[in-house]
Colleague: 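I have a structure here, written as structure tokens, and I will follow up with some questions on it.
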Amino acid sequence: MDASWLITNLFAAFLLPPLNLAISGVAGLMLLKRKPRWGKGLLFVSLGGIWLLSTPIVAGKFLDSLAPDPVKLTGREADAIVILGGGRIRNSVEYGGDTVKSYTLERLRYGARLARQFHKPVLVTGGAPEGIGAAEGRIMRSVLAEEFRTPVRWVEDRSRNTRENARFSAAILHEAGIRRIYLVTHGWHLARAMPEFRQAGFQVVPAGIGYKLDGNVELFDFIPNAQALLNSHLASHEWIGRAWYQLRK
């Protein structure tokens, strides 16, 4: 397993919900007897934070804070489609090996739609960050060909993160004379991905997914659930990732 990937992700886990709030709660319990005000305050932060981040309305606003406005695409804005990987499943029983996670599948579905609609060549990008198993880019190519009947012209299979997605994709596409791209990923990921691809020398047209037309607020939007907590985790990951990339420019 790649040591740098492991260290980075372990460090990030302590900064992200729910682990950061769980640690706050444990610290609060330990301080209750010696410093009751501090202990109660930490417990309030822990329980209140988990409650808020688990409500769909808060998690939704948190994710929406990242996504740029959707763009109406015509097929004239770019010369190629770049689809970013969103994770893979190791040793899937039903597929007889490694396959893509749901986020990647959603991106592939939309990328295939754009390729059929605009007749643009496709690049898929994603490596094997853990250092084991099939590279995500190669799995993505197989899924597009076998399940969406969409050919892939280029495969980038060395990257371990979004910054490397951009740099390694640039090495491939610039050689082919491609400078304008449709960037396919989730809306909440575009805020971190677009600057990296621009820095790598691309004119980026966002082709985001995950936008919702229905903005109505319902009663269940205020009731905590696990999916909302996951969305808050994703939003926190993206905000921290953006800050980290700014520090490492």
Side-chain angles (χ1 to χ4, degrees), residues 65-88 100 103-129 134-145 148-211 237-239 241-249:
S65 69
L66 289 157
D69 292 334
V71 174
K72 184 176 178 58
L73 307 179
T74 66
R76 296 187 296 272
E77 302 90 351
D79 304 309
I81 299 166
V82 175
I83 308 174
L84 302 186
R88 60 192 180 133
V100 295
Y103 291 132
T104 306
L105 188 60
E106 291 170 6
R107 297 171 188 181
L108 291 175
R109 181 187 180 193
Y110 186 51
R113 177 189 175 101
L114 292 181
R116 289 193 298 269
Q117 185 177 0
F118 298 150
H119 306 289
K120 304 292 183 181
V122 174
L123 177 141
V124 291
T125 170
E136 190 173 3
R138 296 188 178 277
I139 304 171
M140 293 166 71
R141 176 177 61 183
S142 297
V143 171
L144 278 174
F148 294 100
R149 300 294 185 266
T150 300
V152 171
R153 183 172 298 183
W154 306 283
V155 177
E156 185 289 300
D157 59 3
R158 296 185 296 138
S159 55
R160 297 168 298 174
N161 52 51
T162 303
R163 175 162 286 178
E164 290 185 356
N165 285 152
R167 291 177 176 176
F168 297 157
S169 295
I172 297 171
L173 292 180
H174 288 175
E175 186 175 345
I178 302 293
R179 290 293 190 278
R180 304 186 306 159
I181 61 169
Y182 294 110
L183 188 61
V184 178
T185 186
H186 284 78
W188 41 260
H189 186 218
L190 281 171
R192 183 158 59 102
M194 289 174 62
E196 296 302 316
F197 277 82
R198 286 172 178 153
Q199 185 67 28
F202 291 106
Q203 178 181 328
V204 180
V205 180
I209 62 173
Y211 292 95
H237 180 273
E238 290 304 313
W239 277 111
R242 290 180 68 188
W244 179 245
Y245 280 1
Q246 287 294 320
L247 290 173
R248 298 188 64 190
K249 268 191 174 181

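Quantities reported herein were computed from a predicted structural model and do not represent experimental measurements. Below, each value reflects all heavy atoms present in this structure, side chains not excepted, and no hydrogens, waters or symmetry copies.
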Colleague: For P195, is there any backbone N or O sitting under 3.5 Å from a side-chain donor or acceptor partner on Q199?
Modeller: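 Absent.
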Colleague: Examine distances only and state if a side-chain atom of E136 and a backbone atom of A134 form a donor-acceptor pair shorter than 3.5 Å.
Modeller: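 Side chain of E136 to backbone of A134: no pair is present.
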Colleague: Per the ring pair (Phe, Tyr, Trp, His ring centres under 6.0 Å) rule, what does the pair list look like for residues 149-180, sequence neighbours excluded?
Modeller: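 Found H174-F202.
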Colleague: With heavy-atom distances below 4.5 Å as the criterion, would you say the side chains of L173 and L123 are in contact?
Modeller: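 The answer is yes, as the side chains (C-beta and beyond) meet within the 4.5 Å cut-off.
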Colleague: CD1 of I139 to CZ of R88: how many Å apart, nearest 0.5 Å?
Modeller: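 Here the interatomic distance stands at 6.0 Å.
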Colleague: For A200 and A166, which heavy atoms make the closest approach, and how far apart are they?
Modeller: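 Looking at all heavy atoms of both residues, the closest pair is CB-O, 3.7 Å.
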Colleague: Given 3.5 Å as the limit, does a donor-acceptor pair link the side chain of R198 with the main chain of Q203, or not?
Modeller: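 Not at all, since once roles are kept as given, no pair shorter than 3.5 Å links the two residues.
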Colleague: Yes or no on side-chain contact (heavy atoms from CB on, under 4.5 Å) for I83 and L108, after CA distance, side-chain angles and deciding distance?
Modeller: CA-CA 7 Å; I83 308 174; L108 291 175; 4.0 Å; yes
Colleague: So, S169 side chain and R167 main chain: donor-acceptor pair closer than 3.5 Å or not?
Modeller: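 Such a contact is absent between S169 side chain and R167 backbone.
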Colleague: Kindly state whether the ring of Y211 and the ring of W188 have centres lying under 6.0 angstrom apart.
Modeller: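 Centroid distance Y211-W188: not below 6.0 Å, so no.
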Colleague: Answer yes if the side chains of E196 and Y245 hold a donor-acceptor pair under 3.5 Å, and no otherwise.
Modeller: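 No donor-acceptor contact under 3.5 Å links the two side chains.
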Colleague: Using a 4.5 Å cut-off on heavy atoms from C-beta on, say whether the side chain of M140 contacts that of V152.
Modeller: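 In short, these two side chains do not touch, never coming nearer than 4.5 Å.
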Colleague: May I have all residue pairs that pass salt bridge (charged side-chain N to carboxylate O under 4.0 Å, His left out) and include part of residues 171-187, sequence neighbours excluded?
Modeller: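 The answer is D79-R180.
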Colleague: Looking only at heavy atoms, what is the nearest atom pair of L114 and A207, with distance?
Modeller: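 So the minimum-distance heavy-atom pair works out to CD1-CB, 3.8 Å.
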Colleague: Look at the side chain of R107 and the backbone N and O of G208, then say whether any donor-acceptor pair between them is shorter than 3.5 Å.
Modeller: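 Not confirmed, R107 side chain does not pair with G208 backbone.
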Colleague: Looking at every non-hydrogen atom in both residues, tell me the closest pair between I181 and A78 and how far apart they are.
Modeller: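 The answer is C-CB, 3.5 Å.
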Colleague: On a heavy-atom basis, which atom in H119 and which in R116 lie closest, and how many Å separate them?
Modeller: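 What the structure gives for the nearest pair is CE1-O, 3.4 Å.
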Colleague: Testing the basics here: between T162 and H189, what is the closest heavy-atom pair and its distance to 0.1 Å?
Modeller: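 Minimum heavy-atom contact is OG1-NE2, 2.9 Å.
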Colleague: Tell me yes or no: between the side chains of T125 and E156, is some donor less than 3.5 Å from an acceptor?
Modeller: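 Note: T125 and E156 side chains meet the donor-acceptor criterion.
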Colleague: With a 3.5 Å distance limit and no angle check, can you tell me whether T74 reaches the backbone of R76 through a side-chain donor-acceptor pair?
Modeller: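 Side chain of T74 to backbone of R76: a pair is present.
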Colleague: Tell me the closest heavy-atom pair linking L190 and P206, and the distance in Å.
Modeller: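 Scanning both residues completely, I find the closest heavy atoms to be CD1-CB, 3.9 Å.
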Colleague: Report yes if some heavy atom in the side chain of I209 is under 4.5 Å from a heavy atom in the side chain of T185; otherwise report no.
Modeller: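 Side chain of I209 against side chain of T185, heavy atoms only: no contact under 4.5 Å found.
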Colleague: So do Y182 and V82 actually touch side chain to side chain, heavy atoms under 4.5 Å?
Modeller: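 No, their side chains stay 4.5 Å or more apart.
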Colleague: For F118 and L73, what are the C-alpha separation, side-chain angles and deciding distance, and is it a side-chain contact (heavy atoms from CB on, under 4.5 Å)?
Modeller: CA-CA 9 Å; F118 298 150; L73 307 179; 3.9 Å; yes
Colleague: Judged by atom type as modelled, is there a donor-acceptor pair below 3.5 Å linking the side chain of T104 to the main-chain atoms of G86?
Modeller: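 Looks like yes, one N/O pair under 3.5 Å.
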Colleague: Could you tell me whether R192 and E238 make a salt bridge, using a distance below 4.0 angstrom between a side-chain N and a carboxylate O?
Modeller: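 Salt bridge present between R192 and E238.
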Colleague: As a test of understanding, state which of L144, I81, V143 forms a side chain to side chain contact (heavy atoms under 4.5 Å, CB included) with V124.
Modeller: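 When side chain to side chain contact (heavy atoms under 4.5 Å, CB included) is applied between V124 and each of L144, I81, V143, only L144 qualifies.
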